[in-house]
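Take a look at the structure below.
One-based numbering, in listed order, for ligands and for the atoms of each. Bear in mind the structure is a predicted one, so any value in this text is a computation, not a measurement. Excluded from the calculations below are hydrogen atoms, water molecules and symmetry mates; all remaining heavy atoms, backbone and side chain alike, are included.
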Amino acid sequence: MIEGLNFIDGQWVPSSSGEVFERRNPADHHDVIGVFPDSTEADVDAAVGALAKAAPQWAATPPERRAAILEGAAAHLEARAAELVAELVREEGKTRAEATMEVGRTPMNLRFYAGEALRTTGSTYPAPGEGLVITLREPVGIVGAITPWNFPLNIPSRKLGPALAAGNVVVFKPSELTPLMGQRLVEALLAGGLPAGAVALVQGSGRAGAAIAADERVDAVTFTGSTGVGRAIHAAVGPSRRSQLEMGGKNPVVVLDDADVDKAAALIVKGAFGLSGQACTGTSRVIAVDAVHDRLLDRVVELAGEITVGPGADPGVGMGALASAGQLAKFLEYVQIGRDEGAELVCGGTSLDSENGYFAVPTVFAGGSPDMRVVTEEVFGPLLVFLRAAGFDEAVALANDTEFGLSAGIVTNDVTRALAFAGRSESGLVKINQPTTGMSMNAPFGGYKASSTQTHKEQAGDSMMQFYQAEKTVYL
Ligand code: NAD
């Protein structure tokens, strides 16, 4: 069992209040992973105060050095990959294959942002007379990073990587469901040579996250998590500081009459039940036109029934545990809501009869209608709802009929309708004949509508580094 600590002012320390919380393996809740500080406002205050003192030195560190440190952290993660995969499976509940992908992707992210550290540029502008106008890009100062549990290494690496590359100091609050992965990422950065003052790790619940957002010394907050919490953070940060929010989804796949039904079913099942339905880009709605609806539903149900549910560490398991008792309770609550609303439960709808873990069975509802809560609200579990459309236009309208706009898919062999869908989709990511999940690490990532803030995309793309940089105009 691990005795986790915060990292504040260059020291590994417990919470000043002495409060702790426990994390257990969601596939076997007799297995205690560790005890971690349940940080208070006072811990956040100490962390931010220490970062403020260290910020000028890190900002003045040459970009080449910052890049080398991120490269060093990546190498450290790669050297420990096997151990990290095992810990990630145990802490979050995902399968070994899912954990292996995440552990492989995280150092690639850090190397990508190491490159960005070297690419900071400014502009020059024509000026009247003999003068010159130039712009300088500077670090914004102190960045708060507040992250969820479903990619507990990968998502934080996409926030700490660019923030540090740009010369900011960072206070990092991982999810309380995956504190160990948060600690491992900070350990890797320190092993890579990051000066101890440039990062703070504050473990704990939303209390610590709220304290980070409320602290006026924190210049920018980057958050990934639920839309409700994102809105609260946005309100706390206000207009004169920065916030970047990546939030929920209710991602549709539209299937047209010319689609290859087997192919459509396979990518729907992958998008809906991969990561046990707990991916922000996971497929939760299928909108099938009449001509293919029934065949597609049969094939999806068949494939869903072939998924082996169990501990992610076991070979042959295709769907691991849900991350917590709360996640399982929410899933079961929405199964009941769907039934009460009159949707037809076609398969699943239950949990495994397990003494040890939180295992949900892949679940498919048919007969969804636009006003049902199972159709409009994010469940964040393995629950898929079918809706029927008369044709292309109705399918597009149903796909867009949501407050969210993260990822949307279409399955068709008709390139004209595929591109028309891409144009009309109110969604930040559009997937043509691909699962709604999965992304290229060098491409912009972010949603429309209530899924994201619209000002700065995460992960890559032109505006990504600008979130972490202030721009100053200088007249010479
Ligand atoms: P969550 O919103 O409950 O928690 C996210 C983080 O915010 C955690 O660290 C949590 O402790 C913290 N937090 C909670 N209350 C807070 C408050 N009042 N102030 C500040 N911080 C607070 O989300 P979760 O359950 O960890 O993750 C699931 C959600 O994340 C889903 O809605 C999913 O769609 C979303 N998500 C989105 C993306 C994306 O890129 N759009 C990626 C992954 C997950």
Side-chain angles (χ1 to χ4, degrees), residues 21 23 26 36-39 41 44 91-94 102 144-159 171-179 181-182 201-215 218 221-237 243-251 274-284 322-331 377-381 402-407 427-429 436-439 441 444-454 456-460 464:
F21 68 96
R23 177 58 181 162
F36 298 85
D38 190 359
S39 303
E41 290 81 355
V44 171
E91 185 172 52
E92 190 197 327
K94 61 184 22 157
E102 177 166 358
I146 303 170
T147 53
W149 44 264
N150 68 335
F151 289 100
L153 274 179
N154 186 47
I155 289 177
S157 75
R158 297 198 328 235
K159 298 180 182 298
V171 53
F172 170 33
K173 209 296 282 175
S175 168
E176 57 272 47
L177 296 184
T178 48
M181 287 300 105
L201 173 69
V202 181
Q203 299 280 14
S205 67
R207 168 173 66 170
I212 291 171
D215 193 319
V218 175
V221 177
T222 173
F223 165 82
T224 299
S226 59
T227 297
V229 171
R231 285 180 172 147
I233 289 174
H234 191 251
V237 170
S243 55
Q244 176 194 47
L245 314 169
E246 297 297 343
M247 302 177 283
K250 192 73 186 175
N251 310 297
L275 214 71
S276 310
Q278 301 173 124
C280 54
T281 50
T283 307
S284 51
L322 299 191
S324 66
Q327 280 294 108
L328 181 59
K330 187 177 177 196
F331 162 79
E377 296 176 12
E378 184 183 46
V379 179
F380 217 55
T402 166
E403 67 168 316
F404 299 107
L406 190 49
S407 184
S427 184
L429 305 172
T436 52
T437 49
M439 59 179 86
M441 61 171 275
F445 174 85
Y448 282 11
K449 303 199 294 197
S451 290
S452 294
T453 37
Q454 301 305 316
H456 294 279
K457 294 244 176 193
E458 205 190 41
Q459 183 166 311
M464 186 269 301

- Message: I'd like the name of whichever of N150, V229, L245 reaches closest to atom 22 (C) of ligand 1 through any heavy atom.
- Response: V229

- Side chain or backbone of T281 under 4.0 Å from ligand 1, or both, or neither, by non-hydrogen atoms? neither

- Message: Using heavy atoms and a 4.0 Å limit, tell me yes or no: is F223 in contact with ligand 1?
- Response: yes

- Message: With the threshold set strictly below 4.0 angstrom, can you tell me whether any protein non-hydrogen atom sits that near atom 24 (P) of ligand 1?
- Response: yes

- Select one of side chain, backbone, both or neither to describe which atoms of S205 lie under 4.0 Å from any atom of ligand 1, heavy atoms only. backbone

- Message: Counting non-hydrogen protein atoms only, what is the nearest one to atom 42 (C) of ligand 1? Give residue, atom name and distance.
- Response: C280 SG, 3.0 Å

- Note on the structure: Nearest non-hydrogen protein atom to atom 21 (N) of ligand 1, with distance, is G209 CA, 3.5 Å

- Message: Measuring from atom 2 (O) of ligand 1, which candidate in S324, P156, S226, G206 has the nearest non-hydrogen atom?
- Response: S226

- Message: Among all the protein's non-hydrogen atoms, which is closest to atom 12 (C) of ligand 1, and how far away is it?
- Response: I146 CG2, 3.7 Å

- Note on the structure: So for L406 against ligand 1, with non-hydrogen atoms under 4.0 Å, the contacting part is side chain

- Item | Modelled atom types, side-chain donor and acceptor of K159 and T222, under 3.5 Å | yes

- Part of A232 with heavy atoms under 4.0 Å of ligand 1, whether side chain, backbone, both or neither: neither

- Specify the protein heavy atom at minimum distance from atom 31 (C) of ligand 1: its residue, its atom name, and the distance to 0.1 Å. E378 OE1, 3.5 Å

- Note on the structure: Within 4.0 Å of some non-hydrogen atom of I155, the atoms of ligand 1 are 42 (C), 43 (C)

- Taking the six-membered ring of F445, is the NZ or CZ of R158 close enough (under 6.0 Å from the centre) and on axis enough (within 45°)? yes

